[in-house]
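Residue numbers begin at 1 in each chain, while the letters A, B, ... track the order of the sequences.
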Amino acid sequence: MKLNTDMTVNRITDEIWEIPASEKPGMLVPARIYATRDILQAMDSGVFDQVTNVACLPGIRRYALCMPDGHWGYGFPIGGVAAFDARDGIISPGGVGYDINCGMRLIRTDLTLADVQPHLERLMTELFRTVPAGVGASGFVRLSGEEFSRVMTHGAKWCVERGYGWHRDLVRMEEGGCIEGADPSLVTDHAIKRGINQLGTLGSGNHYLEVQVVSDEGIFDPVTAAALGITGHEQIVVMVHCGSRGFGHQVASDYLKVFEKCMGRYGITVKDQQLACAPFRSPEGQEYFSAMNCAANTAFANRQVITHQIREAFATVFGRSAESLGMELVYDVAHNIAKVERYPEGELVVHRKGATRAFGPGSPELPEVFRTTGQPVICGGSMETGSYLLVGTDRAVRDTFGSTMHGAGRTMSRAQAKRTVRGAQLQQQMKQRGILVKAVSMSGLAEEAGLAYKDISEVVQSVDRAGITKKVAQLRPIGNIKGCTHRYLKESNGSTPMSPFPRSFYEYVFFCQSGERRGLGSRSVDSWLSHRE
Amino acid sequence: MADVAFEAEGESVEEVFRGATQALLESMANPVTVRGGWERAIERRDEDLSELLFDWLSEIVYWKDAAGVVFREAPLTLTQEGGAWLLRAKLIGAPVDQQTQELHADVKGVTKHLYRVGQEGERWKALVVLDI
C-alpha cells in the first residue's frame with residue numbers, strides 16, 4: 001500500500017490504522033487513523049506528521065486519533081481527536097482550532113421541494129439579505145459591553161431570552177447551547193472589540209448556509225430519522241456551518257502567545273509551535289479554558305441568531321410563521337472545542353478539532369429526547385455532494401472518546417480547485433442539477449467545488465463501518481450561500497498585481513492542506529518545514 | 001480550515017515588512033478600490049523581529065474587525081533603536097462598502113503555521129499563512 005509517509009502504519013481493521021509509538025521519538029501513545037484504505041492512501045503527509053506530534057503531548061491517553069476527513073491543519077490535524085488527563089495533562093489552543101466552536105446546525109421544516117421550488121430564487125435572495133456574510137459583515141444585533149458579556153456566559157440561552165429563538169431549541173444543542181465556566185474577564189479587550197458586532201454573521205472561508213432536500217431514498221434509518229423530525233418525501237431542511245468568527249480567533253491567538261511564553265516554565269517542549277500548550281490545571285490552562293468557553297458560547301449564540309434570521313426569511317417568503325412551517329431545530333453540534341468528559345481513565349480534556357462529539361444512546365450526558373436515538377451528528381459535505389445526518393454510538397464512547405468525523409475534508413488546494421473548475425461554469429452546471437448558488441464571485445465558488453473535497457459518502461461509510469457513528473439520512477443541496485465567495489488574491493504566475501506595488505517585493509502562494517504551492521521561483525513548503533525544524 | 005499564504009521578499013527587512021503588509025491588505029480588499037478617510041497611527045517596538053511582524057499584521061486584522069474598515073495603504077518605517085526594532089506605521093482605509101470596494105477574504109487572523117521571518121543570503125524573506 002502506497003502512503004504519503006515513510007512511517008509504519010499497521011492495519012487494525014479495514015477502517016482503523018495504527019502508527020506505533022516507536023515511530024517517532026517522544027510519542028507517548030500510538031496514533032490511530034480511522035479511514036478506508038483508499039482514504040488513507042489519499043491522506044497528505046501532514047496528517048501522519050501532525051497526528052504523531054500530538055501523540056507526544058504530555059498527559060495524552062490511549063491514542064492520538066484522526067478521523068477519515070482528516071487533513072493538514074495548524075498544529076493538530078483537522079479531524080484530530082486527543083484526550084489528556086485533567087490532572088496531569090495539557091490543554092492546547094491548537095487542538096481546538098482558531099475558530100472556537102465552529103459547528104453545524106440543522107433545522108427541519110414541514111415544507112417539501114414542491115412547496116419551495118417555485119420560491120427558491122426569492123428565498124435564497126431573502127436569506128442572502130438577512131444573514132450577513134463576507135468581509136466586514138456586521139450583524140443586526142447591537143450589544144453593549146455588558147450584554148456581550150452575557151452572550152459569553154449564556155450563549156444561546158441569551159438569544160432565547162432576547163426572543164431570538166424558542167426555549168425548546170436549547171434542548172437540541174450540545175451542552176444546551178451554554179457551556180458553564182465562561183469568564184469574560186479573561187477575554188482581552190481586543191477580542192471583545194472584534195466580536196461585539198459580529199453576532200448573527202456567517203463569516204468567510206468555508207462557512208455556509210444551505211437549503212437542502214431529504215428524499216425517501218436518502219433515508220438510511222427511518223425510525224431514527226423520524227425521531228429526529230426527518231420524514232423524507234422531499235422534505236426541506238436548512239444547514240448552517242459557522243463559528244465564533246474573529247472573536248474566537250482572537251481568543252486563540254491571545255492564549256497561544258501566553259502558552260508560548262509559559263511552556264518552558266512547565267518543562268514542556270512541542271514539535272510544532274502551534275501545539276503550544278499549558279497544563280490544564282495551571283493558571284494559564286484554566287484561564288484559556290474559561291476564555292475558550294466564552295468563545296464557544298458566542299458561537300452557539302451566533303448560530304442561534306442566524307437561525308432566527310432563517311426563520312424570519314422563511315416566514316416572509318411563505319407568508320406563515322416559522323412555527324407553523326415546523327422549523328424545529330434538529331441539533332447544533334460543535335466540531336472545534338475542548339471539553340472535560342468522564343471516561344474509564346477518569347476526567348479527560350477531550351480536544352476535538354474538525355471532529356464531532358458522537359455520544360451513543362446510553363450516554364447519561366444526553367437529554368431525554370436523544371436517549372433512544374443517540375446524539376445527532378451533522379456532517380457537511382461540499383455544495384455538489386451533499387451532507388449527512390448521523391447519530392453517535394456507544395462504541396464511539398468506548399473507542400474514540402465519543403468522537404467522529406465532521407465533514408468531507410479537502411483533497412485539493414484552493415488554487416488547484418480554481419485551475420480545474422471555472423466558477424461560472426460550475427454555477428451553471430449546479431443550476432442544471434437544481435442547486436441555486438448565491439455567490440459574490442465566481443472564482444470563490446470554484447474554490448468550494450465538490451472535487452476539492454473527499455467523497456463524503458466514502459468518508460461517512462468508513463465511520464459507519466467502524467461503528468463510531470450510524471448513518472441516518474443524506475441531505476441534498478438545492479440552495480447555498482457561501483460565507484466567503486469573494487475573490488481573493490490574484491495568483492502571481494505572470495499576472496499583473498492588483499496594485500501598483502512592485503511585485504518583486506512579495507508573491508502570493510497557495511498551498512492550503514495539500515502542501516501544493518505556487519509562485520515565482522519559490523521553494524517547496526516541505527523545504528520550509530524541514531528548514532524550520 | 002480555510003487559509004491563504006504569501007511570501008514576502010526584499011533586500012531589507014523593511015521591504016519585507018512592506019511586502020507582507022501589502023499582501024495582507026490585498027488579501028482583504030483590492031486597495032485601489034478603497035478610498036481613504038479612516039486613519040490610525042501605530043507604533044510598535046520589539047526586540048524580536050519575527051514577533052514584531054506577527055503583531056503588526058495581527059493589528060491590521062484587528063482594526064479590520066474593530067473599526068469595520070478595509071485598507072488602501074499602510075506606509076511604514078522600520079528602524080533599530082537601543083537593541084529593539086521600532087515600527088512606525090499609518091493605516092489608511094475606509095469603512096467596508098460592498099457596493100464600491102472589491103472585497104476579498106474576511107481574514108480571521110495571522111497564524112504561526114509555517115510562519116517564518118529570516119535572512120537568506122542577501123535577501124530577507126517572510127512566509128505567512130492567514131486563516132480566513
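Listed options B:Gly68, B:Ala66, B:Pro95 were ranked by heavy-atom pairs under 4.5 angstrom with chain A; first place goes to B:Ala66.
With a 6.0 Å cutoff to the six-membered ring centre and a 45° limit on the axis angle, B:Arg40 counts as a cation-pi contact of B:Trp63.
Residues of residues 49-59 of chain B lying under 4.5 angstrom from chain A, judged on non-hydrogen atoms, are B:Glu51, B:Asp55, B:Glu59 in numerical order.
For A:Lys257, the part lying near chain B is the side chain, with the backbone staying farther off; criterion is any non-hydrogen pair under 4.5 Å.
Taking the centre of each ring, A:Phe247 and A:Phe148 come in below the 6.0 Å mark. Under the 6.0 Å cut-off for aromatic ring centres, A:His241 and A:His406 do not qualify, their centroids lying 6.0 Å or more apart.
No hydrogens or angles considered: a donor-acceptor pair under 3.5 Å links the side chains of A:Tyr98 and A:Gln274. Side chains of B:Asn30 and B:Glu26: a donor-acceptor N/O pair is absent below 3.5 angstrom, by distance only.
At least one side-chain heavy atom of B:Pro31 sits less than 4.5 Å from a side-chain heavy atom of B:Gln22.
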Contacts table for residues 70-80 of chain B: side-chain donor-acceptor under 3.5 angstrom, sequence neighbours left out:
none

